[in-house]
Protein chains: 2
Amino acid sequence: MTSQAAEGPETVVASRRSKITPEREREFFDAVLEQIRECGYDSVTMEGIAASTRCSKSTLYRQWKTKPQFVAAALRASRRVRFAGIDTGSLAEDLRQAARAAGDWSGKDTRLLQALGHAVTSDQELARALREALVHPEIAALEEMLARGVARGEVRADHPALEYIPAMMFGVLRVRPVLNGQYADADYLVRFVEAAVLPALGLG
Amino acid sequence: MTSQAAEGPETVVASRRSKITPEREREFFDAVLEQIRECGYDSVTMEGIAASTRCSKSTLYRQWKTKPQFVAAALRASRRVRFAGIDTGSLAEDLRQAARAAGDWSGKDTRLLQALGHAVTSDQELARALREALVHPEIAALEEMLARGVARGEVRADHPALEYIPAMMFGVLRVRPVLNGQYADADYLVRFVEAAVLPALGLG
DNA sequence: GTGTACCGATACGGTGGAGTACCGGTACAC
DNA sequence: GTGTACCGGTACTCCACCGTATCGGTACAC
């Protein structure tokens, strides 16, 4: 994005022999996560990543010892809170906006979570990285929303539905492909919030 | 279960050279599904199945042409409606019982669904088998419960939460391991029904 | 008893990925 | 200009699995 595009004949990025830059690293990470989404964790090969990023296997193995470590690094680097900063002053509206935001990254993240879901059971580091990259930040953001709602007196602190809201949101997000054959989009999720989440909280 | 256990010295089941019986077939199916749960779809090998069931690879390849076909057959054979026959006359109680029943097979089925979730995206037959074995029967049973509740006048037919109940139940079931690190047990699910599902339906 | 169909075991070639080693080349520091 | 560290390419070994072929043996029908 640094408008460094036309520096050689064709679009060839003149040979890269210098130390790996953070931008270059991100190319590796993007490539491996995308391949995992498409082909599944087991089918992703270091050779494939090397080929698709036009680097050499040696380069990958110099930076990361094994495939799971490489993937875990990619996950950690991709960590991003998807609906941070939502704070409308109303719990119902916060949840609607969260649903809308979730609908936007639903496909990508759901596929990644699905593809890694099993690999994670045999590699502790990978499991931690996945939780910290894709699960924990969103849960934490949701719980903050709920806490603010409680603080404002919109919901009682001991409301029994409170503890299930994150599971409901994530759950519906994740199983929709299995049940209906398509990823949950923003519209579906917002309607779900209206129809089930808010009523469960007594806000309907 | 036909009390045919002690027929040789040791527990060795005297050499099996006859045609594959349905019982023998079920051993193959059980073995492959169990291995899938433990190691994931991609890691399961025909050689491994052959070894663990003490049959030969040839035998497997004689019956089923490919691994996905073999697995699909295993899924179809394992088809079973987990909470059929629940009909207490009250929607709330039906849902509680369904939750309790679901808690009992939660671990096994959730692991299987997780392990196959990605393989399914690249094999139509496998996808159909999975849906018909593990997803559709349960969904259908749930929807029947809801329909009976509507027919009895417990819930209005156009209640907006109705369409989301199956997704909520399945969703919470499936994401609990990711969120809390443990499978949803009967107790957790029943409390979920009380705290969120019934209130969403206006039955709380 | 005889025949036959099918099982279990084993061996085999082919393929593909993991991870290592080496080598030439280039960017960058000084 | 010189040195050096690190990159990209390639070749290599190891290993596991796929799918096939072969063979001896045994249950079962008749």
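Worth saying up front: this structure is predicted, and the values here are computed from it rather than measured. So you know, we letter chains A, B, ... as the sequences are listed, proteins then strands, and number each from 1.
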Euclidean distance, atom NZ of residue A:Lys65 to atom P of C:dT20 [Å, nearest integer]: 8 Å
Sugar-phosphate only, base, or nothing, as touched by A:Lys67 at under 4.0 Å among non-hydrogen atoms: sugar-phosphate
Heavy-atom donor-acceptor pair, A:Gln114 side chain to B:Gln114 backbone, under 3.5 Å: yes
Rounded distance (Å) that lies between atom C1' of C:dG17 and atom OH of A:Tyr41: 13 Å
D:dC6 phosphate, OP1 or OP2, under 4.0 Å from A:Gln63 side-chain N/O: no
Short side-chain N/O contact from A:Arg62 to OP1 or OP2 of D:dG8, under 4.0 Å: no
Between D:dC17 (C1') and A:Asp42 (CG): distance, integer Å: 13 Å
Whichever of B:Thr45 and A:Lys57 has its nearest DNA chain D nucleotide further upstream toward 5': A:Lys57
Candidates D:dC17, C:dA18, D:dG8 - which lies nearest the side chain of A:Ser56: D:dG8
Ring centers of A:Tyr164, B:Tyr188 separated by less than 6.0 Å: yes
Separation of atom CE in B:Met46 from atom C1' in D:dT20, rounded to whole Å: 13 Å
Phosphate contact (C:dC7 OP1 or OP2) by B:Ser18 side-chain N/O below 4.0 Å: no
For B:Ala186 against B:Asp104, the heavy-atom pair lying closest together: CB-OD1, 4.3 Å
Spacing of B:Phe28 atom CZ relative to C:dG8 atom C1', expressed in whole Å: 10 Å
For the student: nearest non-hydrogen atoms of A:Ile86 and A:Arg148, plus distance: O-NH2, 2.8 Å
Polar side-chain contact A:Ser58-D:dG9 base: donor and acceptor under 3.5 Å: yes
d(CD, A:Gln35; P, C:dG17) in whole Å: 11 Å
Side chain to side chain, B:Gln97 and B:Asp94, heavy atoms closer than 4.5 Å: no
Closest nucleotide among D:dC6, C:dA9, C:dG17 to the A:Glu47 side chain: C:dG17
Complementary nucleotide for D:dC30 - Watson-Crick or wobble, under 3.5 Å: C:dG1
Contact under 4.0 Å: B:Arg24 side-chain N or O vs C:dG8 OP1/OP2: yes
Interatomic distance, B:Ile20 CD1 vs D:dA27 C1' [rounded to whole Å]: 14 Å
For atom CG of B:Leu60 and atom P of C:dA9, their distance in whole Å: 11 Å
